[in-house]
Amino acid sequence: MRARMPDAVRDSSADPDARREAAEHRFAAEQERVRRAISVATPFISVAIAVLVGSLVILAAGKDPVAAFSAMFRGSFGGVRQIGETLLRATPLVFTGLAVAYGFRSGLFNIGAEGQLFMGGMAAAWVGVMVAGLPWAVSVPVILVAAGLAGAAWAFLPALMKARIGAHEVITTMMFSYIGRYLVSWIIAGPFKDKGAIPQTPMLPGTSQLPRLSDVFTFIEPNRAHLGIVLGVIAAFVVWWILKYTVLGFEARAVGFNPTAAQTGGISVAATTVKSLCISGTLAGLAGAVEVMGVHHRLFDQFSSGFGFTGIAVALLAKNNPIGVIAAAVLFGALSAGAGTMQLDADVSQKVISIIQGVIIFLVGAEMIVTWAVGRLRDRKGGDDAAQ
Amino acid sequence: MTADPGPVVCDLPETGPSPDPVLELRHITKRFPGVLANDDVSIAVAPGEVLALLGENGAGKSTLMNVAYGLLAPDAGEVLVDGRVVSVRAPRDAIALGIGMVHQHFMLVEPLTVTENIVLGGEPTSAFGVIDRDVARRRVVELSDRYGLKVEPDARVRDLSVGRQQRVEILKALYRDARILILDEPTAVLTPQEVNELFDIVRELVSEGLAVVIITHKLEEVMAFSDRIVVMRAGRVVGETVPSACDEQSLARMMVGRDVVLRVEKSPHQPGSPLLEVMNLSVLDDRKLPAVRDVSLVVRAGEVVGIAGVDGNGQRELVEAIMGLRRPTQGTITLKGRDITHDNPRRTIAAGVSHVPEDRHRRGLVLDFDLVENVALGDHRRPPFSRYGILDRAKLEQEARRRIAEYDVRTPDEHVAAANLSGGNQQKLVLARELGRDPDVLIAAQPTRGLDVGAIEFVHRRILAERDCGKGVLLVSMELEEVMSLSDRILVMYEGRVVAEFEGGAVTEEELGVFMTGGGRPGAEALGSEGTDA
């Protein structure tokens with residue numbers, strides 16, 4: 001069935017090639033919209049399926065999944081204290097997630113964010129003690145800058161090796177991660193050990209700490225969330241801005257998508273690689289700093305529960321979108337914060353959380369499958385339309 | 001709703017389907033996302049006949065033949081062999097039915113010998129499944145003698161010239177008892193001499209009773225050696241004719257759907273001062289072997305200098321060295337008297353050299369970037385596109401829209417990814433960026449590769465427009481016709497050296513072909529195309 005068109009319109013579309021081209025453009029635009037919609041939907045679908053799989057596991061263990069997940073939700077969002085706990089755990093993940101995402105956008109897999117985080121934490125713990133006596137407004141920025149530089153420095157050598165001799169960053173950042181990790185272990189057990197038997201650094205003075213949100217904004221009920229989460233949100237927007245509005249980010253993305261075309265367009269791939277990995281390292285270093293300054297106020301061996309590695313999962317779930325990283329970090333923070341309540345109230349092992357995390361990562365990684373499946377469904381539908 | 005028969009632009013006598021076709025495709029429809037690649041297409045080919053399937057890129061020729069060969073499943077329609085409906089679900093089925101196909105990009109295992117490649121998948125075996133090499137070799141020699149396809153059975157495929165590799169592909173099909181041979185753009189990679197040899201081979205094959213389908217968009221070839229011509233456009237058959245009943249102009253009109261200027265109109269050659277000067281340049285390739293050897297050339301204002309040559313004779317390395325993408329080992333490159341030999345790509349671009357790379361997907365565009373960002377690439381560090389490291393997105397979008405309009409890039413809007421454009425529009429986008437920055441010199445490498453007639457016309461006009469407003473153009477192309485019709489001067493590159501120079505219009509394709517294949521003097525055709533297995 002065809003509606004009558006005004007004559008002028010019909011004249012302009014009389015040429016079959018023009019009509020065909022117009023149809024193709026509409027179809028291409030439609031495809032693009034679908035592709036974007038799928039891209040946005042995948043993380044949500046992945047989380048939903050992961051919860052489903054987790055439920056099946058809980059059922060198989062003879063427990064009640066509804067009780068388990070409601071306990072988990074209570075433990076992570078059930079009140080101000082719980083929300084604070086979720087944000088506390090999300091804070092380092094925002095930074096490591098941004099670190100890994102920035103690397104990915106430039107075509108680099110910074111798998112060694114954990115090591116850069118340790119170096120940043122170390123710098124914060126050390127400089128934080130050094131600047132004792134300075135006012136808060138001076139010492140905190142100084143510590144953050146020092147920690148960022150330390151993280152960048154720890155990424156610089158792998159970056160240089162990649163740029164100069166093509167050594168793959170997955171190997172080198174990983175190796176540097178171990179070196180950094182154990183270097184810090186040695187420092188806190190020897191040269192910079194606090195008094196007492198425990199290998200840890202001295203306590204930061206109050207002016208070097210990131211205060212709790214509830215201490216700054218006294219109308220908020222007391223909870224453990226600290227200013228680091230605000231810094232994390234700011235960092236996410238800065239990274240988004242860098243990627244979209246600066247030459248630095250433009251070149252990073254060009255190299256990430258197509259280094260050959262970037263080079264042809266006058267971009268130095270080597271220089272961009274070094275810059276991008278150092279920015280990634282800076283963000284990872286800041287993760288260590290906020291954790292030291294906001295939570296423990298000192299550095300010890302176990303101060304990071306693998307935030308650098310969880311950051312990879314956060315970046316993947318966020319599809320390397322800096323703003324998405326905030327949401328993904330909060331989700332992972334919530335899973336972590338609610339796990340204890342789930343075990344206590346519903347008698348379901350915390351390990352279920354690991355299963356859920358694993359399934360999320362698997363499904364996000366398998367986006368191609370989803371895209372393909374949806375594409376097939378649409379093809380079939382399109383074929384039916386044409387047949388009518 | 002009844003099927004729209006489609007516009008018949010053809011005013012030529014239509015010939016009926018051949019009697020007793022060996023292969024027939026009936027009412028084939030194949031849909032890809034966004035494109036109706038084949039829309040109710042029917043063709044037939046008889047034994048002893050050369051059928052040319054003529055059409056622009058994207059007209060649906062290859063799709064149709066891939067359906068016949070079992071590489072694609074049609075959405076509707078049927079395939080008939082010897083008048084019986086057959087099911088061709090995979091190339092395996094096609095081969096069993098006697099259909100052979102030689103793809104544009106050869107499917108050969110380069111380290112293996114000619115014989116090994118030909119028998120691959122159908123190896124004669126003796127006891128315990130051991131390959132009987134003597135039998136294999138004997139069969140290859142038999143086939144090669146029977147059809148006049150000279151090959152060295154023991155040579156390694158990687159050592160063969162492209163023309164010889166193509167023969168191996170044809171023999172592969174014949175070894176599997178093909179009665180129907182489909183050749184996809186068989187002349188795209190051949191020198192003029194090799195093209196003539198191929199035509200002799202095809203003649204020999206049809207005289208032996210084979211049916212041959214040749215997919216092509218080259219009009220002169222269609223006229224020269226096909227028995228029947230089927231023209232496709234936009235997924236449909238728009239006409240069917242025989243060479244004696246049409247001419248190139250009428251075929252082009254059918255193919256494109258409008259009148260086409262086949263010969264490029266060009267104003268007289270009025271060279272100005274030298275712009276780009278290359279002196280004694282030597283460059284290594286990726287394997288650190290000499291690729292460009294002591295090359296000197298000058299591009300003056302207001303002229304197109306064409307470089308003719310078979311792919312892989314140093315053209316790519318020469319262009320990359322000029323653009324600063326590859327470090328020369330010797331020699332100098334100057335632009336308007338200023339030494340740019342050691343400038344990096346950014347400085348070379350800024351100095352006034354634009355580059356249309358031969359591979360627009362790999363080098364020309366960031367396919368995941370949208371049109372705006374692709375237009376910015378290369379100028380993104382300079383005002384007005386950026387200041388103090390901050391991009392001016394509004395300016396960028398404004399400029400992108402302007403250039404998209406000026407260069408007639410057909411796109412829904414400027415924010416779609418470049419990957420979503422057709423090949424012709426992608427190339428227009430590259431031109432919009434490279435010419436839009438108003439360079440002194442344009443290096444155009446294979447600027448029309450893979451484009452359809454309309455887009456080629458556009459690119460050629462733009463290149464000549466640059467020349468006419470006093471720019472210098474260095475054109476590198478494997479398409480001899482392109483080099484000959486655009487260039488004011490033609491240099492021939494062979495094994496990294498400039499082996500000949502001609503005034504444009506003062507040389508024939510055959511003469512160029514001789515130099516391109518290492519022959520010394522015009523008239524020494526016998527030396528041409530012997531390749532490395534001679």
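Here is the naming used below: chain letters follow the sequence lines, and residue numbers restart at 1 for every chain.
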| said: If you define the side chain from C-beta out and look only at heavy atoms, does anything of B:Leu391 sit under 4.5 Å from A:Val247? | reply: yes
| Side chain, backbone, both or neither: which part of B:Arg363 has an atom under 4.5 Å from a heavy atom of chain A? | both
| Pick from B:Arg381, B:Arg346, B:Arg433, B:His380 with the largest number of heavy-atom pairs that fall under 4.5 Å of chain A | B:His380
| request: Begin from the C-alpha positions of B:Leu325 and A:Gln263 and carry the test side chain to side chain contact (heavy atoms under 4.5 Å, CB included) through to its verdict. | output: CA-CA 8 Å; B:Leu325 294 162; A:Gln263 181 204 25; 3.6 Å; yes
| task | Heavy-atom distances under 4.5 Å only: say whether B:Leu377 touches chain A with side chain, backbone, both or neither. | result | both
| said: Quick check for you: to the nearest 0.5 Å, what is the distance between A:Thr264 atom OG1 and B:Met323 atom CE? | reply: 8.5 Å
| note | Okay, A:Ile242 and chain B: the region with an atom under 4.5 Å from a heavy atom over there is neither
| Side chain of A:Asn258, backbone of B:Arg362: donor and acceptor closer than 3.5 Å? | yes
| query | Is the NE2 atom of B:His415 crowded by more than 12 outside heavy atoms at less than 6.0 Å? | reply | yes
| said: Does B:Arg316 have more than 12 heavy atoms from other residues, nucleotides or ligands lying within 6.0 Å of its CZ? | reply: no
| Nearest heavy-atom neighbours spanning B:Pro345 and A:Gly266 | CB-CA, 3.8 Å
| said: With a 6.0 Å cut-off (strictly less than), is the heavy-atom count around CZ of A:Phe109, excluding the residue itself, greater than 12? | reply: yes
| message | As an exercise: rank B:Asp413, B:Asp392, B:Leu365 by heavy-atom pairs under 4.5 Å with chain A and give me the winner. | response | B:Leu365
| query | With chain A, which of B:Ala350, B:Ala417, B:Gly389 has the greatest number of heavy-atom pairs at distances under 4.5 Å? | reply | B:Gly389
| message | Shorter than 4.5 Å, heavy atoms on both sides: which option in B:Val416, B:Ile390, B:Asp379, B:Asp368 has the most such pairs with chain A? | response | B:Asp368
| request: If the plane angle is over 60° it's perpendicular, under 30° parallel, otherwise tilted; pick one for B:Phe369 and A:Phe250. | output: tilted
